[in-house]
Amino acid sequence: MLEIGTLLLLLLPVFPVSGELQQETEQRRLPPPGKLDFGYVPAGVYETLAHYEPGPIGILFHLVQTFLRAVQPNAFPHDLIVKLAKDKFGAIQTEYQKPENIVLTLQAIYYEIGFLVCAAVGLLFAILMPLVGLFFCMCRCCDNCGGEMHQRQRKNADCRRGLLGTLLFSTSLVITIGVLCSYASNQNLSSQVKNIRRLVNSNMRDLHTFANDTPMQIDYLISQYATAKNKVIYDLNNIGPLLGGRIHQELHKEVHPALDQVLNMAGAMRETREALENVSVSLVVLQEGTGKLSSDLSRVRSSINRTLSHPDCHDEESDATTVQLCSSIRQSLPQLQIGANFTRLPNVNSQLERINEVVKTDLSAVVQRGFSSLNDTPHMVIEQTRSVVDSVQSLVDGIGNNISSFSKVFPVQSFLSNYTIFISHAHAKIEDYYPEIDKIDFYRWIGCIALCCMVVLVLAFNYLGLLCGTLGYDKHASPTTRGCISNTGGTMLMAGVGFSFIFSWVLMGVVTILFLAGGNMEKLVCEPFHNKELFKVVDTPYLINPEWKNFIPGYLYNDSELELTVESLYSTCKQNRGIYSAMHLDKIFNMSSYLNTTVFTKDVVDKLERVKIDLRGIILLEAEGKQNLRDFSEVGLSEINYADYLEEVNKGVTEVDLLSFTRELESQADLMPRGPLQTALKNHVGTLQQIHRQQVLPMEQTMKYVRARSALNQSIRFLERTASDLSNKVIAVLDAVEAAQYLISQNVTLLINQETRKYTATIIGYFHQYIEWVKASLAMEVAPCKPFSNILDTAEIMSCSFLVDSMNVFWMGLGCSTLFLLPSVIFAVKLAKYYRRMDTEDVYDDSSISGTWHFTL
């Protein structure tokens, strides 16, 4: 056992779990790295099914167990057994008169009281039955106890005979059932003995599977270091996108808004130039249109003034109405002029020239160069970390070489060879016992059959006696004239009575012995094994050795304080977990002295923490771009009189509606008397209508002028908005760019260190995942110890399910049959009187005195 334990200790804990690494990672509180897939540890299939289904006979097993619980309802005597085991029963035997030993004896008697009472009843039965039979025979020889061959005539003789026959038949059926149960259990035990070899061979094959698969599983654990290594190397080779990408992503959050503001300014420059161009072009178009209209309206206004200088408008002799009309027309003439006078608006040529100079510098291209410089962060990280990456890769290769070399140096195969040889020798020794087991089982089977045949012999006489007596009975025949068949039936019943007295004490003696053995095995071994009370006894501290708190670790590792008990070992193996966790080998072996994973991990951390990244080469906005922004603020947009422009744009083409003015003039001319004055005014009306039709309407409806006015309106409003606080806006943009540039040049160290720690934690996380996976695999999948719990379960099946349960059913059936032999004897003796031929009988003489009986010989 010590060699096997040493083998398991040396074989399985190939990889440690670095406590320092785990503590360091927990202190960092960093997000976990990507999940690695190490696959499934290859595992063999254990073929032993340590589970027994008894089938229909299981009903009898449960019946016996219920009977035993009724006989022995006391709880498992844990404390009593522990005390007896610690004293090794010696103190009770040598110093039984001590009070404490008397108490223990009374406790044992109290626990066994049910068995003792039943055993006493069986012993009393075994003693009294032959004595009663002896006295019964002697009594009958003296013509007593039913030995007199004379039968009194009774009126209810037929009823009594039928009742006795029925009771004897029922009793015989009960005895038959008991014998059949005993026979079935006997056959079941013989058939299960044949399965012992199959179970043992299956367990041995599982032990070989355990030994053969363990090296392959350990090799798989070692080989899966390549998964973590490849992932680490992949991340190292992609340090630019991973580390540089993270830095770029964080910088982008701060830098992107500043550069976006510069891009917005570049767009504002282009839109400003377009607006100024629109203002310049629109102003020219509108000035041309309003200039000609103003000239024509001025000429018409002068011509009307000359017309109104006619004598009819001034002479006192003239018509008062005409004079009044002329005065009204003269007063309305000042309205006859253009409304929007675009010719008075100054041009924006100077601003346009300056903005054209500004936009010659492609600010968007300058900003894109800043973006490109920022986006080059991953490449800068690659170039600046090349030496660190190479050194870490070499270190990672060194870890893999260390793991591989350790597995080669460690003599796994030699230990496994010794373990396999031990299993083979043990199997061979067990094979040598099979013929002896078969021989013992054969003798046992013969003995049990002999016991059953004793009861069967009694049953045969009972059944034959009932058959012959019933078939040969003639109710018209007198007791002295009964037939031969009826007499033979009665004789067979008495023969059955004789054999009952002869065999009953033997049967009861065997039943008592088997009852005490099987019942106590069931209550003290089998039942406590199922409810694990037996494990608590075995795991009692200092039970087996006064110096060992726990026996297994004390025996194997010389460390009895280790919490490794039989129950925990059995339960863990029952779950098919690895023997690493079942034996608590992680508490015994510290493999850091072999692999020193913590040191390697620290070296990786130290090398990655040496990463120095300088991003001062990133220029977000060149001096050309900054100057361009300043020039834009000095274009002169604030010099434009936007109020005058908007005032003229919002005015109509003419100050008065020219068509209404023409109609009013025509109506006033119609009120004048016919003459040169009226004719002249009529001509002016025609001229005004022609001006309205040829100039005003086109300026109001033609798209050229409409678009020009609209463009002028929109552009002036846009320029007004742009010019509003333009200098401060440009200064704010430049300040944002300077702040972002300062962040990259001076304050990015904190960000770089933070992202470097995250990247380092990711790299270390792959090692941590591998170590945790190895730990979990050792605990759950590598060398699953199910075969060891199967051995214990197999021993329980063979001893309890095969032997004890079958033995208990045997004594229960045989004991039931033996007990019912007693009423069988009584009923058979009484019933035989009605079947046997009597020597004398009672005869009633009719001629005699009434009530007188005569005996006829």
Side-chain angles (χ1 to χ4, degrees), residues 12-43 213-214 216-246 385 388-407 577-578 580-581 586 591-592 594-609 611 755-784:
L12 296 177
V14 177
F15 299 95
V17 178
S18 171
E20 296 180 2
L21 170 62
Q22 183 176 4
Q23 183 179 3
E24 180 182 354
T25 304
E26 290 178 354
Q27 290 177 354
R28 293 179 181 272
R29 300 291 184 183
L30 296 177
K35 186 69 175 178
L36 297 179
D37 183 11
F38 297 103
Y40 297 96
V41 177
D213 289 348
T214 299
M216 177 177 60
Q217 293 169 341
I218 294 177
D219 291 340
Y220 182 80
L221 294 186
I222 296 173
S223 66
Q224 284 305 304
Y225 173 75
T227 301
K229 172 186 172 183
N230 293 337
K231 183 60 176 174
V232 170
I233 292 177
Y234 175 82
D235 283 6
L236 291 174
N237 292 334
N238 290 274
I239 192 173
L242 294 176
L243 178 56
R246 290 176 181 174
T385 59
V388 175
V389 168
D390 292 339
S391 62
V392 173
Q393 287 183 352
S394 301
L395 189 59
V396 170
D397 292 335
I399 296 175
N401 294 333
N402 180 275
I403 294 175
S404 300
S405 62
F406 179 81
S407 65
R577 299 181 64 181
Y580 185 87
S581 61
D586 56 332
M591 292 301 295
S592 59
Y594 294 99
L595 293 179
N596 206 0
T597 306
T598 304
V599 174
F600 280 116
T601 304
K602 284 186 174 180
D603 290 344
V604 173
V605 173
D606 293 341
K607 289 184 179 297
L608 289 176
E609 286 182 347
V611 170
E755 295 301 327
T756 302
R757 285 195 297 269
K758 290 181 180 180
Y759 178 78
T760 302
T762 300
I763 297 297
I764 299 304
Y766 297 134
F767 293 105
H768 181 70
Q769 283 191 61
Y770 174 68
I771 293 172
E772 287 297 320
W773 174 76
V774 170
K775 178 183 176 182
S777 298
L778 286 174
M780 302 298 297
E781 300 179 67
V782 176

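Computed over heavy atoms, backbone and side chain alike; hydrogens, waters and symmetry mates excluded.
Atoms CG and OG1, from Asp37 and Thr227 in turn, are 8.0 Å apart once rounded to the nearest 0.5 Å. Note that the CD atom of Glu755 and the OG1 atom of Thr760 stand 11.0 Å from one another [nearest 0.5 Å]. Here Asp213 contributes atom CG and Tyr220 contributes atom OH; the two are 14.0 Å apart, rounded to the nearest 0.5 Å. Atom CD of Gln224 and atom CD1 of Ile222 lie 11.5 Å apart (nearest 0.5 Å). To the nearest 0.5 Å, the span separating CD on Gln769 from CG on Leu36 amounts to 4.0 Å. Atom OH of Tyr225 and atom OH of Tyr770 lie 8.5 Å apart (nearest 0.5 Å).
Here the side chains of Lys775 and Glu772 are in contact, with some heavy-atom distance below 4.5 Å. Using a 4.5 Å heavy-atom threshold, the side chains of Asn230 and Tyr766 count as separate.
For residues 237-246, the side-chain hydrogen bond (donor to acceptor under 3.5 Å, both in side chains) pairs, not counting sequence neighbours, are Asn237-Gln393.
Taking all atoms of both residues into account, the shortest heavy-atom contact from Gln217 to Ala43 is NE2-CA, 3.7 Å. Residue Ser581 comes nearest to Ala779 through the heavy atom pair OG-O, 2.9 Å, listed as atom of the first residue, atom of the second, then distance.
Ser777 is linked by a side-chain contact (heavy atoms from CB on, under 4.5 Å) to Val41, Leu221, Trp773, Glu781, Val782, counting only residues two or more places apart in sequence or in another chain.
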Check against side-chain contact (heavy atoms from CB on, under 4.5 Å), Phe767 and Val232: CA-CA 9 Å; Phe767 293 105; Val232 170; 4.1 Å; yes
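Of the possible polar contacts, one joining the Tyr759 side chain to the Asp235 backbone as a donor-acceptor pair under 3.5 Å is found.
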